[in-house]
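Everything on this sheet refers to the single structure shown next.
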Number of protein chains: 2
Amino acid sequence: MSADERRALVVRAATTAFAEGGYEGTSTEDVARRAGISQPYIFRLFGSKKELFVEVVRACFRRTAAAFERAAEGLEGPEALEAMGVAYSELVKDPELLLVEMHAFTASVHDDSVREVARDGMRLIWGVARRASGAGTGDLQAWLAMGMLINVVAALGLEELDEGWARDIAWMPGPCILEGPGTTDEQRAAPHPGRS
Amino acid sequence: MSADERRALVVRAATTAFAEGGYEGTSTEDVARRAGISQPYIFRLFGSKKELFVEVVRACFRRTAAAFERAAEGLEGPEALEAMGVAYSELVKDPELLLVEMHAFTASVHDDSVREVARDGMRLIWGVARRASGAGTGDLQAWLAMGMLINVVAALGLEELDEGWARDIAWMPGPCILEGPGTTDEQRAAPHPGRS
DNA sequence: AAGTTTAGTTAGTGCTCACTCACTTGTCCA
DNA sequence: TGGACAAGTGAGTGAGCACTAACTAAACTT
């Protein structure tokens with residue numbers, strides 16, 4: 001297998017690992033085991049653990065942005081935003097990407113290179129959403145904010161929690177976006193009318 | 001000093017430490033140094049590193065909720081929500097609390113006891129916001145979502161980034177909530193009209 | 001056939017970390 | 001005066017970790 005193929009494979013395995021444990025909570029040994037290679041080879045391929053992590057984070061943001069772009073293809077305005085919302089709900093089903101992104105946010109606090117790639121990622125997503133939807137800053141902000149809430153819902157596993165407050169928080173971003181046919185976008189773009 | 005006083009002091013010091021490094025990225029040695037005690041004494045006081053972390057997270061959510069309650073005192077409805085928004089902006093100035101909460105979210109993924117305390121925290125905040133504001137679920141959700149976005153903005157340091165997209169993302173949650181006199185609440189509660 | 005490059009491994013090394021044990025010091029009370 | 005108890009420490013330990021050095025084996029080149 002070529003080094004590049006191998007690298008891609010390792011990035012995939014590392015994504016799963018880092019999603020669970022975060023940067024500090026994941027050992028290169030663990031990543032290597034998942035990727036089916038020896039642990040030192042990781043350092044051949046990526047130089048250091050941090051560079052691997054940065055690569056993983058970059059890939060996650062790119063995949064997220066690509067999913068948005070694919071979803072919004074051929075659409076415009078509110079329809080595009082809605083389609084991207086649906087795409088996000090697809091991502092939540094397998095929350096690897098979102099979790100890695102969250103880990104990147106927290107790791108940004110004490111690491112410059114991670115912060116840089118996390119900023120790049122947000123810039124990318126913001127740009128894609130803006131370009132694809134043509135929506136105003138306020139709309140985009142609310143849309144992005146709801147995405148961040150969905151991340152938290154995913155991390156805490158609130159969808160599978162059978163309590164009122166959890167349902168209230170998770171209902172709209174979770175199942176509603178997921179399964180709701182048309183109401184979704186109005187709700188999240190203008191949650192104002194509320195359903196108490 | 002009594003053990004209880006000492007415990008409170010250590011929790012404060014640990015909050016700062018964990019805010020920077022997260023759970024895995026912070027050593028008990030570091031916490032001890034900040035608290036001005038020997039490292040083994042931490043285990044006397046808290047039993048394990050994880051129990052200390054859980055205590056720190058619990059305290060952070062309580063302090064956040066208390067700030068909200070204080071801010072909304074005597075107010076009702078939208079005014080209460082707005083006041084709590086302002087209170088949140090005060091917290092962002094010293095982002096310790098928010099960062100610890102974010103670290104708790106990510107740590108929740110692979111640790112049950114952390115997930116439990118993080119869920120407790122969200123339940124607490126949700127309940128306080130709901131009770132104090134009497135707002136509908138949709139409003140509360142949008143409000144909470146904006147809070148999560150503010151967390152990310154704080155983690156990435158977007159306010160101090162002099163780029164268009166960063167300003168677009170951070171403007172409203174940051175300075176606007178902070179300094180805006182009256183427009184704030186309409187904007188975040190109904191960001192629909194947008195300001196493009 | 002000989003040399004070079006590429007993919008990959010085995011066997012470490014030094015360091016950090018959570019946690020333990022045995023000890024000391026001071027205080028309160030009989 | 002002496003003893004129980006609470007606060008607090010110094011010195012360690014074993015495990016896990018990121019990272020390295022030195023090597024093997026196959027494929028490609030000339």
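Sequence lines set the chain letters: A, B, ... in the order given, protein chains first and strands last, and positions in each chain run from 1. Hydrogens, waters and symmetry mates play no part in the numbers below; they use all other heavy atoms, side chains included.
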With side chains defined as the heavy atoms from C-beta onward, is the minimum distance between E96(A) and F18(A) less than 4.5 Å?
no
Would you call R115(B) and D111(B) a salt bridge, using N to O less than 4.0 angstrom?
no
How long is the line joining CZ of F43(A) and C1' of dC17(D), in whole Å?
9 Å
Picking from dC19(D), dT20(D), dA18(C), which would you name as closest to the side chain of K49(A)?
dC19(D)
Inter-axis angle, terminal five-pair segments of the helix from dA1(C)-dT30(D) to dA30(C)-dT1(D) [nearest 10°]
10°
Please tell me if Y41(A) has a side-chain N or O lying less than 4.0 Å from either OP1 or OP2 of dT9(C).
no
Taking side chain as C-beta onward, heavy atoms only, is T28(A) less than 4.5 Å from F43(A)?
yes
Between D30(A) (CG) and dA18(D) (C1'), how many Å, whole number?
14 Å
Are the aromatic ring centres of F68(A) and Y88(A) under 6.0 angstrom apart?
yes
Distance test, side-chain N/O of S38(B) to OP1/OP2 of dG8(D), below 4.0 Å
no
Of the listed nucleotides dT9(C), dC19(C), dA7(C), the one nearest the side chain of S2(A):
dA7(C)
Under 3.5 Å, is there an N or O donor on one side and an acceptor on the other linking the side chain of E29(A) and the base of dC17(D)?
no
Quick one: M1(B) CE to dA7(D) P, roughly how many Å, whole number?
12 Å
Grab the CG-C1' distance between L45(A) and dC19(D) for me, whole Å please.
14 Å
OP1 or OP2 of dG16(D) versus the side-chain N and O atoms of S27(A): is any pair under 4.0 Å?
no
S48(A) side-chain proximity, nearest of dC19(D), dG8(C), dC21(C)
dC19(D)
Nearest-Å distance for atom pair CD1/C1', residues I37(A) and dT9(C):
11 Å
Of the listed nucleotides dT9(C), dG10(D), dT20(D), the one nearest the side chain of P40(B):
dG10(D)
Once you round it to whole Å, what is the distance between P of dT16(C) and CZ of R33(B)?
11 Å
Is the closest side-chain heavy-atom distance between L75(A) and E82(A) below 4.5 Å?
no
V128(A) with I169(B), same ILVMFWY side-chain cluster at under 4.5 Å
yes
For E51(A) and dA18(D), give me the distance from atom CD to atom C1', rounded to whole Å.
13 Å
Heavy-atom distance under 4.5 Å between the side chains of R131(A) and E69(A), does that happen here?
yes
Rounding to an integer number of Å, can you tell me how far I42(A) CD1 sits from dT20(D) C1'?
15 Å
OP1 or OP2 of dA7(C) under 4.0 Å from side-chain N/O of R44(A)
no
